[in-house]
Amino acid sequence: MKIAIINGPNLNLLGTREPDVYGSETFEQYLASLKRRFPRVSFSYFQSNIEGELVSELQRVGFDHDGIVLNPAGYTHTSVAIGDAIAAIRAPVIEVHISNVHAREEFRRISHVSAKCRGTIAGLGLKGYELAITFFLDAVA
Ligand code: DQA
């Protein structure tokens, strides 16, 4: 099974960025634990702070991966282009947010990607990524 993880802007700063909201683990540390936990999954990982690069990566992995776990970060709330890219590809996408976007500022309740996704996980910390992967694995079991 091939799963792509795509992280949007500022998620390269996980570990030091607002640790009270996003925790103190870096994504690289977490990714290493994911690879140990799911040894049979082939992971690709991509992070960018640039909207168009996220669109290009969705297009690149979107036709030959079994699932995509996407945290569009701040672009969730603004990007029609990322929503359109999800609609245009074949692979199912699960939207993940580390924080509970519904319990924060009003603007974080708007998502331009949710309606195009298989589902959304928010507020469960980094665990949201592994829950999304487990969903994809169960779907093919
Ligand atoms: C986030 C929530 C977004 O509102 C925010 O802009 C982020 C991270 C999350 O994972 O909780 O950068 O997607």
Side-chain angles (χ1 to χ4, degrees), residues 1-140:
M1 162 154 282
K2 286 170 77 173
I3 293 182
I5 299 175
I6 302 178
N7 274 340
N10 301 306
L11 293 172
N12 53 316
L13 297 182
L14 277 184
T16 52
R17 172 194 185 198
E18 300 182 80
D20 46 320
V21 179
Y22 299 112
S24 52
E25 193 173 5
T26 68
F27 201 81
E28 287 67 25
Q29 288 166 339
Y30 179 66
L31 185 59
S33 74
L34 277 183
K35 287 178 177 169
R36 283 193 297 273
R37 173 145 181 213
F38 300 102
R40 302 233 296 277
V41 174
S42 165
F43 286 105
S44 70
Y45 175 59
F46 182 82
Q47 188 279 330
S48 177
N49 297 323
I50 299 168
E51 184 178 14
E53 289 187 357
L54 295 165
V55 169
S56 293
E57 182 66 5
L58 283 163
Q59 292 182 6
R60 191 185 74 79
V61 297
F63 295 92
D64 73 339
H65 278 59
D66 302 296
I68 299 172
V69 183
L70 172 68
N71 185 344
Y75 287 134
T76 308
H77 318 298
T78 62
S79 180
V80 172
I82 291 175
D84 283 349
I86 295 166
I89 60 179
R90 206 161 34 223
V93 178
I94 298 180
E95 175 189 7
V96 169
H97 299 286
I98 298 163
S99 65
N100 182 353
V101 284
H102 301 286
R104 300 179 65 191
E105 300 95 325
E106 188 79 30
F107 70 84
R108 293 189 204 275
R109 293 189 196 161
I110 293 164
S111 170
H112 289 280
V113 311
S114 296
K116 320 283 183 187
C117 288
R118 183 70 180 76
T120 301
I121 299 170
L124 304 183
L126 287 170
K127 199 168 177 58
Y129 291 82
E130 63 206 69
L131 293 171
I133 293 160
T134 301
F135 178 86
F136 286 134
L137 287 172
D138 287 352
V140 297

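Both counts, for ligands and for their atoms, begin at 1 and track the order of listing. When reading the values below, keep in mind they use all heavy atoms of this one structure, side chains included, and skip hydrogens, waters and symmetry mates.
- The two residues Leu54 and Gly8 have their closest heavy-atom pair at CD1-CA, 3.9 Å.
- Residue pairs meeting the ring pair (Phe, Tyr, Trp, His ring centres under 6.0 Å) criterion with at least one member in residues 41-73, sequence neighbours excluded: Phe27-Tyr45.
- For Arg37, the salt bridge (Lys or Arg N to Asp or Glu O under 4.0 Å) partners two or more places apart in sequence, or in a different chain, are Glu130.
- For Thr26, the side-chain contact (heavy atoms from CB on, under 4.5 Å) criterion is met by Glu28, Gln29, not counting sequence neighbours.
- Crowding of Arg108 atom CZ: a count of heavy atoms from other residues, nucleotides or ligands under 6.0 Å exceeding 12.
- For the residue pair Asn49/Gln47, the side-chain donor-acceptor check at 3.5 Å is satisfied.
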Distances only, to 0.1 Å: what are the N or O pairs between ligand 1 and the protein that fall under 3.5 Å?
{"unit_1": "ligand 1", "atom_1": "4 (O)", "unit_2": "His77", "atom_2": "NE2", "d": "2.7"}
{"unit_1": "ligand 1", "atom_1": "4 (O)", "unit_2": "Arg108", "atom_2": "NH1", "d": "2.8"}
{"unit_1": "ligand 1", "atom_1": "6 (O)", "unit_2": "Gly74", "atom_2": "N", "d": "3.3"}
{"unit_1": "ligand 1", "atom_1": "6 (O)", "unit_2": "Arg108", "atom_2": "NH1", "d": "3.0"}
{"unit_1": "ligand 1", "atom_1": "10 (O)", "unit_2": "Asn71", "atom_2": "ND2", "d": "2.8"}
{"unit_1": "ligand 1", "atom_1": "10 (O)", "unit_2": "Ile98", "atom_2": "N", "d": "2.7"}
{"unit_1": "ligand 1", "atom_1": "11 (O)", "unit_2": "Ile98", "atom_2": "N", "d": "3.2"}
{"unit_1": "ligand 1", "atom_1": "11 (O)", "unit_2": "Ser99", "atom_2": "N", "d": "2.8"}
{"unit_1": "ligand 1", "atom_1": "11 (O)", "unit_2": "Ser99", "atom_2": "OG", "d": "2.6"}
{"unit_1": "ligand 1", "atom_1": "12 (O)", "unit_2": "Arg17", "atom_2": "NH1", "d": "3.1"}
{"unit_1": "ligand 1", "atom_1": "12 (O)", "unit_2": "Arg17", "atom_2": "NH2", "d": "2.9"}
{"unit_1": "ligand 1", "atom_1": "13 (O)", "unit_2": "Asn71", "atom_2": "OD1", "d": "2.8"}
{"unit_1": "ligand 1", "atom_1": "13 (O)", "unit_2": "His97", "atom_2": "ND1", "d": "2.8"}

